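Down below is the structure, laid out as structure tokens.
Numbered from 1 within each chain, the chains take letters A, B, ... in sequence-line order. These numbers were taken from a predicted model, which means no experiment stands behind them.
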Amino acid sequence: MKTHTPTNESGLAGVDLSRRSFLRYAGAGAAAVTAVIAIESCKKNHDVKRVDVGSGDVGILNYAYALEQLEAAFYTKVVASPYLGMSSDELSLLTDIRDHEVAHREFFKAALAGNAIKGLTLDFSSINFSDRGSVLAAAKSFEDLGVSAYNGAGAMITTPDYLVLAGKIVSVEARHAALIRDLIQFNTFVDASVVDINNTSTEYSKSPKEVIPIANRYLYPESQISFSSIGAY
Amino acid sequence: MNLLNLIEDINNADPEFQDRISPRRDAIKNITSFGSKVAIAALPFAFATLFKKAYGATATTDVNSVLNFALTAEYLESSFYNTYTAKSYIPANDAPGLAIIKTDENNHVKFLKSVLGSNAIASPTFDFSGGSGSGNGPFAGVETSYDTFLALAEAFEDTGVRAYKGQATHLMGNATVLTAALNIHSVEARHASHLRRLRQLRGVMVKSWITGVTSGISISAAAAVYAGEDNTTQANVNIASFVSANAATEAFDEPLTKDQVVAILSLFIKS
């Protein structure tokens, strides 16, 4: 791309050219692209019947609803069967977080109404609920994943009110993530695994394509989700 | 309809068009994503969507002014931590976390300045007593008191979270800038959570999340930072019908308008 010689005074000719060549390519390669996609979706849909979140803003909201179902179910179980040695401070904090996640889940369910996906069946068999380390590690994964998922989906939202709502929720997820991390090891509320600390100090966001396969590890086969309209399974 | 000519025409009419539909990568990604689903026959439609996204919500709002507004808040935070984390009152156990926050805020300043280029505003000078330059405002204790430092840090971080949240819709249509702003927003929330935890561990009645309009800060000037945080209704859904009223307020952080944030920041700006 850099090899193109800028041809206008904005200095952006290289950008311009690359877009033009893409458009030309896209037109010429239409048949091939369509064929590849058809094969790919056939293969993926064949494996298992997924719960599709839908398309557009409804798809994003259902995607968020699925993640909140996961978190709410997790903390409900954590509080119902506390790990060995859970302090009263930790019980109080984890109960608060449970309530926040339940609030998020029920909010999305009510807001989506008839467009809501079904209640998902969770598979937490990989988590040892009697062990503090196992529970907090899972909590950290879920919270960090939630933050990166909301951040990565924000620009896909087309309705301003929904973007604001996602913003209202993601900062609470980030508060959770930081607190859980501080419970695991103090002063790790931000680290290089989630934030670009040596450069911009911006959080690493994740696209639905990156998030959905991770979330599906905690869902029973018939509850695993897809966002087929954007090719995420 | 010749899209290639159209792009050129728009470029001539609007030199900032490239910026509006930036980033190039996302523009291309959008087109490929559309292409894979609706086939290339619908490319004019895909282009129209891209065009609408580029101009839709940002038509009347200058993205640079949003970024300079964010930069002002980051200047305040970075200057604050640069000044006060050097104080001898910082406990050794807390110093590593505060150093992380200081680094993050300085990185945010650098990042926003690099995005804004020559459009970046210069840093104001600050009065961290909250006296608008008098040096004798309600937070003057920050010079000698670690607890006042933490209270102020909490208020600044919570303000930052609310400020970014309030500007998000003005960045719709510029996926790169919006995503970057969201990726800063969540880092500010992580900072706020940690600072609140530090205070909680020192016996202050405060949690990592915001309960109603409470902050554990007794200085009345802080109240503006938390105005409206006691909201329990989201998109006409009564959240308090699912969980306690306190949890309903904690579960959602509320935005502040630019005017509200400016009013808060003005206490701390000398010139």
Side-chain angles (χ1 to χ4, degrees), chain A residues 10 12 15-16 18-20 22-24 26-27 30 33-34 37 93 96 99-100 102-104 106-107 110-111 147 150-152 154-155 157-158 160-161 163-165 167-179 182 186-187 189-190 195 197 199-205 229-231, chain B residues 3-4 7 11 15 18 24 27-28 31-33 35-37 39-41 43 57 93 96-97 100 103-104 107-108 110-111 161 165 168-169 172 175 178-180 182-187 189-194 197 207-209 234-235 237 239 242-244 247-248 250-255:
Chain A
S10 74
L12 287 164
V15 172
D16 195 16
S18 75
R19 185 178 299 106
R20 286 183 199 176
F22 173 76
L23 291 172
R24 290 194 178 108
V33 169
T34 311
I37 294 300
L93 295 167
D96 274 8
D99 289 349
H100 304 162
V102 167
H104 295 163
E106 295 305 310
F107 165 73
V147 175
Y150 277 101
N151 282 352
I157 297 172
T158 58
D161 285 352
L163 177 61
V164 174
L165 279 162
K168 290 182 179 200
I169 293 173
V170 66
S171 55
V172 175
E173 303 292 353
R175 290 173 190 273
H176 295 167
L179 188 274
D182 273 344
F186 200 58
N187 289 330
F189 54 101
V190 161
V195 174
I197 55 172
N199 187 18
T200 61
S201 283
T202 53
E203 187 132 1
Y204 297 117
S205 49
S229 63
I230 59 164
Chain B
L3 291 177
L4 307 179
I7 289 173
N11 254 331
Q18 298 289 0
R24 175 175 77 260
I28 290 171
I31 292 172
T32 47
S33 147
S36 65
K37 292 306 155 200
I40 302 302
L43 191 57
N93 286 344
I100 290 170
T103 299
D104 285 343
N107 284 345
H108 291 165
K110 269 188 284 179
F111 176 54
V161 172
K165 207 187 312 291
T169 57
M172 290 178 83
L178 173 58
T179 304
L182 292 173
N183 288 340
I184 294 176
H185 170 247
S186 59
V187 173
R190 285 176 184 267
H191 295 169
S193 174
H194 178 73
R197 180 66 173 163
K207 299 189 282 192
S208 281
W209 24 91
Q234 304 294 343
V237 177
I239 307 301
F242 310 127
V243 295
S244 72
E250 292 164 356
F252 294 80
D253 282 343
E254 301 296 322

Side chain, backbone, both or neither of Lys165(B) within contact of chain A (heavy atoms, under 4.5 Å): side chain
Counting only non-hydrogen atoms closer than 4.5 Å, does Val161(B) touch chain A with its backbone (N, CA, C, O), its side chain (CB onward), both, or neither? side chain
Whatever's closer than 4.5 Å to a heavy atom in chain A on Ala248(B) counts as neither
Which atom pair, heavy atoms only, marks the closest approach of Pro160(A) to Thr169(B)? O-CG2, 3.6 Å
If you compare all heavy atoms of Pro255(B) against all heavy atoms of Lys168(A), which two are closest, and at what distance to 0.1 Å? CD-CE, 3.8 Å
Just so I know, are the side chains of Val172(A) and Glu250(B) near enough to count as touching, which here means a heavy-atom distance under 4.5 Å? no
Below 4.5 Å from any heavy atom of chain B, which atoms of Val147(A) appear? Answer side chain, backbone, both or neither. side chain
Which atom of Ala192(B) lies closest to which atom of Arg175(A), heavy atoms considered: CB-NH1, 3.7 Å
Is Asp161(A) close to chain B through its backbone or its side chain, or both, or neither, when contacts mean heavy atoms under 4.5 Å? neither
Distance from Leu163(A) atom CG to Leu182(B) atom CG, nearest 0.5 Å? 6.5 Å
When heavy-atom pairs shorter than 4.5 Å are enumerated against chain B, which of Val170(A), Leu179(A), Asp99(A) gives the highest number? Leu179(A)
4.5 Å side-chain heavy-atom contact, Asp104(B) and Ile197(A): yes
Would you compute the distance between atom CD1 of Ile239(B) and atom NE2 of His104(A) and round it to the nearest 0.5 angstrom? 8.0 Å
Could you give the distance from CG (Leu93(A)) to NZ (Lys207(B)), rounded to the nearest 0.5 Å? 8.0 Å
Identify the two heavy atoms, one from Ala111(A) and one from Val237(B), that lie closest to each other, and give their separation to 0.1 Å. N-CG2, 4.4 Å
Is there a side-chain contact between Phe189(A) and Ile100(B), using heavy atoms and a 4.5 Å cut-off? yes
Non-hydrogen side-chain atoms of Gln234(B) and Ile169(A) separated by less than 4.5 Å: no
If you round to the nearest 0.5 Å, how far is CZ of Arg190(B) from CD of Glu173(A)? 10.5 Å
Which of these, Thr202(A), Asn151(A), Thr200(A), sits in a side chain to side chain donor-acceptor pair (under 3.5 Å) with Asn183(B)? Asn151(A)
Write down the atom of Phe242(B), the atom of Ala103(A), and the distance for their closest heavy-atom approach. CD1-O, 4.4 Å
Distance (rounded to the nearest 0.5 Å) between Leu165(A) CG and Phe252(B) CZ: 7.0 Å
Taking every heavy-atom pair that is under 4.5 Å apart, which of Ser205(A), Ser171(A), Ala178(A) has the most such pairs with chain B? Ser171(A)
Distance-minimising heavy-atom pair for Met172(B) and Ile157(A): CE-O, 3.3 Å
Taking the ring centre of each residue, are His194(B) and Phe186(A) less than 6.0 Å apart? yes
Chain A contact via His108(B) - side chain, backbone, both or neither, heavy atoms under 4.5 Å: both
To the nearest 0.5 Å, what is the distance between OG on Ser208(B) and CG on Asp96(A)? 9.5 Å
